[in-house]
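Single-structure report; data block below.
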Protein chains: 2
Amino acid sequence: MAKLPLADWHPGLSVDCVIFGFHNGALKVLLLQMQGMDKWALPGGFVRKAEDVDEAAVRVLEERTGLKEIFLEQYRLFGQAGRSTTEHARVLHQNGWLDEEDLAWFQQRFVSAGYYALVEYSKVSAPRADYFSSACEWWPLERLPDLMLDHSSLLDAALAALRLHLNHKPVGLSLLPEQFTMPELQQLYEAILGKSLDRRNFQRRMLGYGILCRTGERRRGGAHKAPWLYEFEEEAYEQALQSGLGSTW
Amino acid sequence: MAKLPLADWHPGLSVDCVIFGFHNGALKVLLLQMQGMDKWALPGGFVRKAEDVDEAAVRVLEERTGLKEIFLEQYRLFGQAGRSTTEHARVLHQNGWLDEEDLAWFQQRFVSAGYYALVEYSKVSAPRADYFSSACEWWPLERLPDLMLDHSSLLDAALAALRLHLNHKPVGLSLLPEQFTMPELQQLYEAILGKSLDRRNFQRRMLGYGILCRTGERRRGGAHKAPWLYEFEEEAYEQALQSGLGSTW
DNA sequence: ATTTAATGTGTCAAAACTACACAATAAAGA
DNA sequence: TCTTTATTGTGTAGTTTTGACACATTAAAT
């Protein structure tokens with residue numbers, strides 16, 4: 001960014017991405033710390049005039065995580081008139097990160113398309129900060145730092161969307177490594193739903209969907225009985241998602 | 001519209017509304033016929049710079065239906081680079097509906113926030129066309145006319161969102177009149193889901209949710225046995241929706 | 001060898017769902 | 001007025017799914 005040919009960008013439009021990862025039994029999101037500020041922000045960016053909004057989101061994702069081919073879902077446009085303040089732009093300007101011309105750009109009224117992304121945590125070895133940020137880190141959902149603007153609501157809405165999509169999108173497939181154990185899958189579901197589930201009933205149900213395949217290997221190295229490793233059967237998974245896992249109607 | 005002080009409007013941003021109604025056992029949507037064209041369009045509008053995008057949608061709804069207080073849900077931003085062609089603007093311009101200045105406005109690249117609205121059909125006695133359209137009519141979902149731009153996909157996506165929300169939003173309450181019969185409620189569900197349901201099992205399940213109240217009256221005038229009239233118990237309904245009707249997790 | 005804590009598996013009762021059939025009735029037609 | 005017709009109200013039996021449990025197994029740590 002910085003010195004953007006303003007004519008190339010769609011005015012007053014941005015994308016923000018809630019990038020979910022799953023690690024050590026917890027859901028985490030990737031956040032940026034703004035230069036010279038305490039507050040953190042969702043990774044985001046602007047949209048070129050000739051670019052799909054989805055493409056802009058893919059671009060942002062690749063810039064932060066180094067990954068292409070990420071599961072990405074747009075869930076809502078955030079369009080409150082008062083949602084974007086100019087405070088952070090002023091700070092960036094004062095500290096020399098923004099020149100006059102770019103400052104004016106940042107002081108427009110913005111609407112932002114909210115995306116959530118599901119990534120395999122281990123594949124994001126070195127998340128990269130953008131030009132305006134000094135750090136890029138994973139934060140667990142339960143202990144988030146202060147977020148700028150309305151990014152808290154964007155994040156809450158992303159989680160709500162993720163819950164709503166749980167039976168219709170390849171959530172497990174996208175967040176877990178290729179091989180995983182049943183307890184790991186359960187922890188993922190518990191983290192997303194925010195409540196604990198019965199171990200035995202969970203397994204029965206999951207296996208009942210017919211989308212899992214036991215590899216025959218076990219995960220060694222844990223302090224206790226070694227759990228079986230599973231993989232998703234992708235065709236069956238996709239198939240089952242069409243009508244929704246365990247959907248009632 | 002026409003002669004809009006361009007400075008007041010958010011550039012390249014519009015809203016489009018899929019307004020659902022339920023009548024004679026069929027789901028219908030309210031469409032506008034563009035002046036001088038065969039194609040029809042979803043009711044839509046632009047967004048003032050000082051206005052929430054949601055407010056713009058409410059404004060559009062009121063202008064077409066005369067109703068405030070409509071159930072309204074934003075489900076997605078449509079942001080493909082090539083989604084808005086300038087063809088219809090040219091036609092409008094040629095026929096004298098658009099002057100040079102407004103034509104330029106219409107030739108921008110637009111992204112559009114998709115909303116769906118649920119209205120009680122009988123309350124929309126006289127839908128009103130807007131400045132650019134020659135008619136405003138209800139069309140049944142099964143037999144839609146040709147739609148301009150990407151409005152077909154907007155509509156399809158709205159229906160998909162409605163299905164996804166069926167157990168989480170007050171769909172029945174918003175689409176049906178205050179009093180309704182069990183067969184009517186079932187027809188509504190069948191229309192939304194696009195499949196038929198067993199009469200007896202449907203009733204058992206609905207009553208099981210504890211959100212319906214039998215008024216004690218029957219609907220007279222039908223050619224056959226008079227069905228009971230029901231109302232929703234709104235508090236119980238709202239309550240039940242929070243965790244989702246019949247949600248499995 | 002023993003301990004520890006997690007994993008794998010099974011069972012029983014309750015609830016929900018599926019697939020049905022038959023009685024009641026409001027209006028229309030004979 | 002009586003019969004016909006199509007729709008609504010209601011119930012039940014068999015099956016499946018769910019919820020709430022307990023006990024045996026095992027990999028590492030002591």
Side-chain angles (χ1 to χ4, degrees), chain A residues 22-26 166-167 172 176-177 179-191 193-231 240 243-249, chain B residues 22-26 166-167 172 176-177 179-191 193 195-231 236 240 243-249:
Chain A
F22 181 67
H23 185 58
N24 285 147
L166 189 53
N167 289 326
L176 292 172
Q179 301 200 340
F180 53 89
T181 66
M182 191 60 75
E184 285 164 357
L185 182 59
Q186 183 181 342
Q187 284 183 322
L188 174 60
Y189 270 70
E190 291 178 334
L193 295 168
K195 68 178 175 193
S196 55
L197 303 168
D198 182 90
R199 211 160 50 88
R200 292 150 285 190
N201 296 338
F202 178 82
Q203 162 153 335
R204 187 180 31 188
R205 194 150 144 185
M206 272 296 159
L207 292 178
Y209 292 148
I211 60 175
L212 293 178
C213 160
R214 192 154 93 175
T215 63
E217 314 254 316
R218 293 160 178 273
R219 163 144 308 158
R220 301 314 186 92
H224 306 291
K225 180 166 181 177
W228 293 107
L229 284 168
Y230 292 85
E231 292 178 356
S243 49
L245 294 180
S247 71
T248 49
W249 288 114
Chain B
F22 180 68
H23 185 59
N24 284 146
L166 189 52
N167 289 325
L176 293 172
Q179 300 199 340
F180 52 89
T181 67
M182 191 61 74
E184 285 165 358
L185 181 59
Q186 183 181 340
Q187 284 183 322
L188 173 59
Y189 270 70
E190 290 178 335
L193 295 168
K195 67 177 173 192
S196 55
L197 304 168
D198 182 90
R199 211 160 51 87
R200 293 150 285 192
N201 296 337
F202 178 82
Q203 162 154 331
R204 175 152 32 95
R205 193 151 143 185
M206 271 297 159
L207 292 177
Y209 291 150
I211 60 175
L212 292 179
C213 161
R214 193 154 92 175
T215 64
E217 314 253 315
R218 292 162 178 274
R219 161 144 310 157
R220 301 314 187 92
H224 306 291
K225 181 166 182 178
W228 293 107
L229 284 168
Y230 291 85
E231 292 178 355
S243 50
L245 294 179
S247 72
T248 48
W249 288 114

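Numbers restart at 1 for each chain; the letters A, B, ... are given by sequence-line order, proteins then strands.
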Fill in the blank from the handout: Nucleotide by nucleotide, nucleotides 11-17 of chain D touches protein heavy atoms under 4.0 Å in the pattern (B base, S sugar-phosphate only, - none) BB-----

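A:E231 places no side-chain N or O within donor-acceptor distance of the main-chain N or O of A:R214, the cut-off being under 3.5 Å. Remark: side-chain polar atoms of B:E184 are not paired, donor with acceptor, to backbone N or O of B:G25 under 3.5 angstrom. Formation of a donor-acceptor pair under 3.5 Å by the A:T215 side chain with backbone atoms of A:L229 is found in this model. With hydrogens and angles disregarded, no donor-acceptor distance shorter than 3.5 Å links the side chain of A:Q186 to the backbone of A:Q203. Proximity of a side-chain donor or acceptor of B:N24 to a complementary backbone N or O of B:A26 within less than 3.5 Å is not detected.
B:L185 has its CG atom 12 Å from the P atom of D:dG9, to the nearest Å. Atoms CD (B:Q203) and P (C:dA19) sit 18 Å apart, rounded to a whole Å. For B:Y230 and D:dT8, the OH to P distance is 12 Å, given to the nearest whole Å. In this entry the distance linking CZ of B:F202 with P of D:dT10 reads 15 Å, nearest Å. Rounding to whole angstrom units, CG of residue B:L207 and C1' of D:dG9 are separated by 11 Å. Between the C1' atom of C:dG8 and the CG atom of A:L229 lies a distance of 14 Å, rounded to the nearest Å. With rounding to whole Å, A:R199 atom CZ is found 12 Å from D:dA22 atom P. A straight line from CZ of A:R205 to C1' of C:dA16 spans 13 Å, rounded to a whole angstrom.
Between A:W249 and B:Y209, the ring planes are perpendicular. Angles over 60° get that label, and only those under 30° would be called parallel.
Comparing B:T248 and B:W228 along DNA chain D, the residue whose closest nucleotide (by nearest heavy atom) sits nearer the 5' end is B:W228.
Under the side chain to side chain contact (heavy atoms under 4.5 Å, CB included) rule, A:Y230 has a single partner from A:E217, A:M182, A:M206, which is A:M182.
With D:dT10, C:dG8, D:dT8 as the candidates, the nucleotide lying closest to the side chain of B:P183 is D:dT8.
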Check nucleotides 26-30 of chain C against the protein and report each pair of N or O atoms closer than 3.5 Å, with its distance, or say if there are none.
residue: C:dA26; atom: O4'; partner: B:H224; partner atom: O; Å: 2.8
residue: C:dA26; atom: N3; partner: B:A223; partner atom: O; Å: 3.3
residue: C:dA27; atom: OP1; partner: B:G221; partner atom: N; Å: 3.2
residue: C:dA27; atom: O4'; partner: B:A223; partner atom: O; Å: 3.4

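B:R214 comes within 4.0 angstrom of sugar-phosphate atoms only, judged by non-hydrogen atoms across all strands, and of no base.
There is no side-chain donor-acceptor pair under 3.5 Å between B:R218 and B:T181.
A distance of 11.0 Å separates OG in A:S247 from CG in B:L166, rounded to the nearest 0.5 Å.
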